[in-house]
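Predicted model, so just to flag it, every value in this text is computed and none were measured. Order of the sequence lines sets the chain letters (A, B, ...), proteins ahead of strands, with each chain counted from 1.
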Amino acid sequence: MIQNANIKSSFDLKLIRDQFPILHQEVNGKDLVYFDNAATTQKPKRVIEALNKYYEVDNANIHRGAHALADRSTRYFEHTRASICQFINSPSEDQIIFTKGTTDGINLVAATFGRANIKKGDSIIISHMEHHSNIVPWQMLCEATGATLKVIKVTASGELDMNSFDELLDKSVKLVSIVHASNALGTINPVEEIIQKAHQIGAKVLLDGAQSASHLLVDVHALDCDFYVCSAHKLYGPTGVGFLYGKRELLEEMPPYQGGGEMIKEVDFAGTTYNTIPFKFEAGTPNIGDVIAFNEAIQFINELGKDAIMSHENELLAYATEGMESIPGVRLIGTAAKKVSVLSFLIEGMHPFDVGMMLDARGIAVRTGHHCTQPLMKLFNIEGTVRASFAVYNTKNEIDTLLEGVAKLAKMKQSV
Amino acid sequence: MTINSIQDQIIDEFAILGNDRESTIFYIMELGAKLPAMAESDKTEDNIIKGCQSKVWLTADTDADKVSFNADSNTDITKGLISLLIRVLNQQKPEDILSADLYFIEKIGMGSIIGSQRSNGLAAMIKQMKMYALACQAKLQMQK
């Protein structure tokens with residue numbers, strides 16, 4: 001086993017871990033090691049407290065209320081929008097649309113921008129490493145419109161084959177919808193190059209930021225992406241909330257997504273006029289409490305600093321990768337040069353489900369299966385992987401626990 | 001041996017493992033490894049048990065007045081689980097399988113060992129074995 005598992009002194013992990021009540025528990029008689037962060041991250045106390053406070057003190061429906069509570073909840077709700085705007089460097093707050101999450105954001109773009117701009121003969125480019133939520137909405141759109149879905153190839157190391165992208169990129173392409181960082185492999189895709197090339201032929205680009213928002217510096221203005229979607233729960237915030245960033249001219253031109261309250265300017269039986277952005281896309285009472293609590297998650301990240309978070313996570317990933325590579329019978333899936341802190345692997349002769357259950361017996365939470373990327377798993381000719389994904393509160397000692405468990409399993413398997 | 005005497009035997013074996021979760025799961029995997037291999041030609045879509053997250057293939061036929069089961073799975077733990085069921089129900093009379101109360105599952109605390117998803121899978125395996133027993137019973141009655 002690797003020695004010197006010291007915590008960096010400049011980054012006080014104990015203080016960080018103290019903010020996450022859930023981490024301090026035993027599972028199956030062992031200290032919990034939570035390595036399922038790519039599925040969802042845990043929430044710091046301040047997020048949980050903000051959610052409680054909202055319901056205990058501030059609860060009221062937002063916008064248009066003439067009373068104190070409505071005014072407070074509206075202000076707090078809009079504070080989160082302002083924080084997101086700053087967090088991803090959006091040119092303005094009204095370009096941030098609240099959604100239920102990444103999947104909802106992609107479906108919104110498919111149903112509005114897609115329906116308005118993509119016709120028979122057009123095509124959409126995705127990649128072979130997409131999450132099902134960045135495949136199925138486009139398949140549905142293609143079925144409805146007669147457009148074609150084209151798929152960028154992925155190499156054996158789990159990187160995009162950029163030659164394949166160049167070949168697919170022609171005048172028929174109206175949209176490139178691509179994952180910023182792969183949830184199954186961790187690969188960070190060269191989105192700057194993709195955006196630049198797509199724009200040269202007039203295609204728009206949507207970035208699936210589910211795995212990038214918490215791990216990478218995201219500057220939508222500098223990236224020049226047309227849409228960016230992500231989920232709060234992947235970045236220490238509550239479930240059921242996410243956001244869509246879009247370029248102003250696109251959002252303004254797009255038809256509304258759902259009809260209802262909030263999204264209208266004036267309703268008459270002769271016809272309805274729609275509200276301005278962002279409200280045009282926010283029909284109905286939103287998930288107010290969770291949006292408000294999400295602000296605390298963003299402040300948590302801001303206070304720690306993305307650079308410090310990235311540096312810590314990169315160190316964990318390098319340490320875990322080196323450790324896994326030294327265990328006979330372990331195969332890493334996804335060995336791209338640039339990765340977020342996701343480590344997918346297999347133990348020779350053992351099904352990922354069985355590995356997951358055995359690790360759970362040691363208190364270690366990992367994800368097993370196809371990670372909603374069945375086409376990618378088929379490409380690697382595997383049913384699934386075991387995925388350990390690290391967050392800001394994880395430690396090298398926890399990785400040692402994982403490596404010990406995996407080493408024991410690999411050895412046991414060889415003895416069966 | 002009767003269904004219940006086999007169940008009691010299993011309960012005793014698991015008692016030796018104590019409360020060590022890892023050893024218990026590993027023991028289940030070892031049981032799976034000992035399950036006789038199933039012919040590849042039997043691993044068809046039709047023979048897959050619906051309701052299991054893992055792939056579990058199960059076939060059954062009459063053997064004199066009894067039911068003979070054969071199974072396989074793509075995961076070792078699931079293979080271990082079905083092997084336990086086969087150990088209890090294989091070569092038993094259809095009516096005994098149909099009326100069997102498989103109390104050993106609760107007694108060995110299987111639910112907490114394998115979790116809710118796999119427990120649902122285990123229930124699907126038992127249901128399918130009882131369905132096969134019913135079909136074998138009908139087949140035997142027609143032969144009479």
- [ ] Would you mind checking if B:E22 and A:K408 are paired as a salt bridge, meaning a charged N to carboxylate O distance below 4.0 Å?
- [x] yes
Task: Straight-line distance of B:I77 CD1 to A:H351 NE2, nearest 0.5 Å - done: 10.5 Å
Task: Whether over 12 other heavy atoms sit under 6.0 Å from A:K153 NZ - done: no
Open item on the list: So, taking the atom named CD1 in B:I113 and the one named CG in A:D360, what distance separates them when rounded to the nearest 0.5 Å?
Closed with: 12.0 Å
Open item on the list: Does B:M1 have more than 12 heavy atoms from other residues, nucleotides or ligands lying within 6.0 Å of its CE?
Closed with: yes
Open item on the list: Please find the pair of heavy atoms, one from A:A361 and one from B:I25, that lie closest to each other, and give the distance.
Closed with: CB-CD1, 4.2 Å
Open item on the list: I need the A:M358 CE to B:M29 CE distance, nearest 0.5 Å.
Closed with: 5.5 Å
- [ ] For B:K66, look at atom NZ and say whether over 12 heavy atoms of other residues, nucleotides or ligands are found less than 6.0 Å away.
- [x] no
Task: Nearest-0.5 Å distance, CG of residue A:D354 to OG1 of residue B:T78 - done: 6.0 Å
Open item on the list: Within this structure, what is the CD1-CE distance for the pair B:I28 and A:M357, rounded to the nearest 0.5 Å?
Closed with: 8.0 Å
Open item on the list: Does atom CD (A:Q25) have a neighbourhood of more than 12 heavy atoms from anything else shown, all under 6.0 Å?
Closed with: yes
- [ ] Give a yes or no on this: more than 12 heavy atoms of other residues, nucleotides or ligands lie within 6.0 Å of atom CD of B:Q9.
- [x] yes
Open item on the list: Can you confirm whether B:E106 is buried at CD, in the sense that more than 12 heavy atoms of other residues, nucleotides or ligands lie under 6.0 Å from that atom?
Closed with: no
